[in-house]
Amino acid sequence: MQKRIRKGAFTLWIGLTLVCLFGAGCSVRLVSEENLKDNPNVRLIESDEKAVVLEFNEEDGQKTIKSVRYVGTSVELEKPCRVRYERFYWDFLDLIAVPGRLPNGKTYTVWIDTGYAGPVMTNGITIIENDLAIYPLGRNLRKEFVGVCHLPRLEIGQAIITNPPCEYLQIRWQCDVLGLALWKQKGAVVGLELLKQFSYVSFDNINKEMELSLEEPFEPRQANKWQSYPLKIEKDESGDSRLMVDIPVGGENLHIMFDTCGRYGMVVGPELWKKISAKSGKVKVRKSRLATGFLGWVECRRAKVAQLDVAGTEIKNAEVIILDKDSPYLAGEGYISMKYFEKSVVVLDFKRNLMWVKQ
């Protein structure tokens, strides 16, 4: 009982703090970082680097990157381990985040994000604090500085990930109060390319714990309480991997991306919304905008469905985000996220290609 009271007090304290901050001129925004290439304190990956091998093309006196190869990449985990969620991100933002240890020995936030196709991603602050060597690759289409870096080690619970392929994107979320930066985002995002190396990844959203298993298969206890749905990794038009699940939503059998760090219950395009709304009964829709991890604020419409059936569970006042078909944030027909499974245990069984849900 005392533990529950402490948890409740913590949640109340955070909530009151946020209210006070927003009432005192607080703003939350996406910030573009200065080019790491111009920072004299940042090390560059040398041509003789043993852990990260760079190959170049040379044509007309121009030197361009051909390939990046990581040597000695490995994942070690003797037996399944559990890691507690970082409560703020789950309780207030519906994001799966856990503590992880980086090379400087300090603990950082690690977001577990199947919506990110790559292995690991970080940002400039984290690179500087951990003295990571980088190779800049210029700007992306949104004019943000990007590149690759050498991350020697990442620990999540008892899992030790050595020399994972890692890229950086020089943007971060930041919270300002009265013009001063109160909080700057740092840490790492672990994406689908790394997660699929595990036998399974379990998300116990009731007890707020993630379980990782490298070798042991997932065995559902009390099998009558579990439902399983086909899971498949597919390539999109740009060649990026997407985690797709076949799952019933609102009377429709959907083949849709599953995003563990999507924050919003469902994000859909206009065509899919027509199918869902036709069977959803009472629906309220309003203009709005949503905060995205890499694109900042995006215009959208928000729908509230009075009752939406998701994988056999009735969700009341289910939120659905509707985007225009040409929205930069819309991937395929959209995604379904962990938010709809707040009172469930979800297991991504990469060995059997199944998504298990326990009510």
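Excluded from the calculations below are hydrogen atoms, water molecules and symmetry mates; all remaining heavy atoms, backbone and side chain alike, are included.
We find that Arg82 and Glu209 are joined by a salt bridge, their nearest charged nitrogen and carboxylate oxygen being less than 4.0 Å apart.
Residues Lys235 and Ser241 have side chains that bring a donor and an acceptor to within less than 3.5 angstrom of each other. Between the side chains of Ser327 and Asp324, no donor N or O sits under 3.5 Å from an acceptor N or O.
Of the possible polar contacts, none joining the Asn253 side chain to the Asp246 backbone as a donor-acceptor pair under 3.5 Å is found. Formation of a donor-acceptor pair under 3.5 Å by the Asn163 side chain with backbone atoms of Ala51 is found in this model. Without hydrogens or angle criteria, Asn205 side chain to Lys208 main chain gives no donor-acceptor distance under 3.5 Å.
Between Glu319 and Tyr264, the closest side-chain pair of non-hydrogen atoms falls below 4.5 Å. Two residues are said to be in side-chain contact when any heavy atoms from C-beta on lie closer than 4.5 Å; Glu34 and Asn39 fail this criterion.
The aromatic rings of Trp183 and Tyr89 sit tilted, their planes meeting at an angle between 30° and 60°.
By the rule that hydrophobic residues join a cluster once side-chain heavy atoms approach within less than 4.5 Å of another member, Tyr168 and Leu154 end up as members of one cluster.
Test Val110, Leu102, Ile127, Ile134 against Thr122 for side-chain contact (heavy atoms from CB on, under 4.5 Å) and you get one pass: Ile127.
Proximity of the aromatic rings of Phe56 and Tyr135 is defined here by a centroid distance below 6.0 angstrom, and this criterion is met.
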